[in-house]
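I have placed the structure first, in the form of structure tokens, so that the comments after it can refer back to it.
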Protein chains: 2
Amino acid sequence: MNGKTVIIGLVQMKMAHSPSANLGKAAQMVEEAAKKGAQIVCLPELFKSEYFCQTQDDGNFKLAEPIPGETTEALTKIAKKNKVVIIAGIFEKRAEGIYNNSAAVIDADGSLLGVYRKMHIPEDPTDYHEKMYFAPGEGFKSFETAYGKIGVLICWDQWFPEAARLTTLKGAKIIFYPTAIGWCPKDSDELKRNQLSAWQAIQRSHAIANGVFVASANRVGVEENIDFWGSSFVSGPFGEEIAAASPSKEEVLVAKCNLGDIEKTRHGWPFLRDRRIDAYKGITSRFVD
Amino acid sequence: MNGKTVIIGLVQMKMAHSPSANLGKAAQMVEEAAKKGAQIVCLPELFKSEYFCQTQDDGNFKLAEPIPGETTEALTKIAKKNKVVIIAGIFEKRAEGIYNNSAAVIDADGSLLGVYRKMHIPEDPTDYHEKMYFAPGEGFKSFETAYGKIGVLICWDQWFPEAARLTTLKGAKIIFYPTAIGWCPKDSDELKRNQLSAWQAIQRSHAIANGVFVASANRVGVEENIDFWGSSFVSGPFGEEIAAASPSKEEVLVAKCNLGDIEKTRHGWPFLRDRRIDAYKGITSRFVD
């Protein structure tokens, strides 16, 4: 995979109320990305519905579906037809009372490579009630796709350097972040700027610390109390911005990732060589009181 | 300490060939910071000499000194007189053949609180031959100073999220990074911009991920093959820039840190609550082959 160029696509979309409409639009946008040359395409988190976690409502569990299920079956056809890998954020029902915020990874031949289940689950008193809906995932993963080994993490995971590190140690060369994050419309412009800037900085830092590509696909549009800020982007292993989308428009963002940059960057800045693995045990502590 | 404001000072200085001249200038600049109100002042890494690690030369070991020793004795007087905490990067001799790249922490009453020894040691084929000179440190630390609990990490440590995390888990509210980093003058402007930008992003990311203040004190000036890029800065726990110095001038940078911002930021973004300490064990692996 070293030296190879991989073209990736990020789907930045606005969600309608109807899940079938969202699925149809997502399929179209994946095909558009494929036409632009994309080989691996990432959809946003929970792309088939509006972001229902703004309220705590048992009724929303009926939006969940198994994997494989209706969504992966539809996307499997698109993947096979267009020879693209698809990363799809899905509200997964594994059993009665066991639901996950998941991402299915479908390979370019249409086979289901696996499922990543969001490890870090947020709970915010106003806008993000995820702990009510989702069981936490059970491990970090990488996936050997037709176009190279990738990792998937989901939204809140992006604030945790441990998640990106563990995904890198499993061999991922590109880490995808299906995302649903936005502003509270009543916040000040300064707060909004700082939030977006922090979100960009922390994800670029994962690229830098690990010498990997990072690609984040967010939704756009206002849904109740959240103005989803789009700004989907791709960072190279040096933390350099390769491509970035607008904060409010639907877009198919396509970027070329020269995987040879990973080795070059890691030779120049050999952080993975110098990690003090003998001294990191305390990372599994909550706090040292 | 919550709600308290702490004023910190970063000394950005150019080093002369003479260690005693550097010590004299450092003492002056600490006093200048104190006059501007600083309560905790950080000197750059190995501030008493030019950056000798550009060459591998046994003769440089004679620059090393014990802690306590000449440098801490001089700074102790300055600390006591001005009631300031001083963080001083020192080439430490612990025994024949055991040398460390260290930072002494001197409390505001002049007592030596402790020593942090650089954990991550770089080795770059052209400019940074540190592995020849320095034994790696033996642990991450925090220090309870007169003005609050702080952490100290040194230069190359700043690229490792584990270091900032472990220092935070030991209670540090502000992490100081005495630093010696610069450009290779023959590199392209684009590469230089990307390097500086990555250096800023990774350190801001530690502030964000951990909800702490981060303060980095770098040297300036050209020494042989390195153009030290200054740009010493302070980031708030939201990743926002509070103060920043120029890339090439000697400066005493003073910044006000409202420690109440830590709790506020951690309530809004409760990453420390949501860390998956049950799933981070793999952090102590080099790689998962």
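This structure is a prediction, so every number in the text was calculated from the model and none was measured. Scope of the values below: all heavy atoms of this structure, side chains included, with no hydrogens, waters or symmetry mates.
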Less than 4.5 Å to any heavy atom of chain A: does that hold for the side chain of [X], its backbone, both, or neither?
X	value
B:Glu123	both
B:Thr168	backbone
B:Gln195	both
B:Pro270	both

Check each atom of [X] against the heavy atoms of chain B and say whether the ones under 4.5 Å are side chain, backbone, both or neither.
X	result
A:Arg286	both
A:Trp156	side chain
A:Asp124	side chain
A:Arg193	neither
A:Ile283	both

Go through [options] and name the one with the most non-hydrogen pairs under 4.5 angstrom from chain B.
options	result
A:Phe287, A:Phe140, A:Trp159	A:Trp159
A:Ala163, A:Gly139, A:Ser285	A:Ser285
A:Arg273, A:His267, A:Lys131	A:Arg273
A:Ala164, A:Pro136, A:Ala207, A:Ser142	A:Pro136
A:Gln200, A:Arg275, A:Arg204	A:Arg275

Identify the residue among B:Glu138, B:Glu92, B:Glu130 that makes a salt bridge (charged side-chain N to carboxylate O under 4.0 Å, His left out) with B:Lys118.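 Checked B:Glu138, B:Glu92, B:Glu130 against B:Lys118; only one passes salt bridge (charged side-chain N to carboxylate O under 4.0 Å, His left out): B:Glu130.
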Shortest non-hydrogen contact between [X] and [Y], atoms and distance:
X	Y	value
A:Ala209	B:Ile202	CB-CD1, 3.8 Å
A:Cys257	A:Ile8	SG-CD1, 3.8 Å
A:Trp183	A:Lys192	NE1-O, 3.0 Å

Check whether any side-chain N or O of [X] sits under 3.5 Å from a backbone N or O of [Y] as a donor-acceptor pair, and report yes or no.
X	Y	value
B:Arg165	A:Tyr280	no
B:Asp227	B:Val222	no
B:Arg219	B:Leu46	yes
B:Glu162	B:Phe160	no

Could you have a look at B:Gly137, B:Pro125, B:Gly239 and say which one has the most heavy-atom pairs with chain A under 4.5 angstrom?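 Between B:Gly137, B:Pro125, B:Gly239, the count favours B:Gly137.
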Between chain A and each of B:Asn210, B:Ile208, B:Asp278, count heavy-atom pairs under 4.5 Å; write down the option with the most.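 Most heavy-atom pairs within the cutoff with chain A belong to B:Ile208.
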Close side-chain approach of B:Ile67 to B:Asn100, heavy-atom, < 4.5 Å: no
Is there a side-chain contact between B:Leu259 and B:Phe213 (heavy atoms, below 4.5 Å)? yes
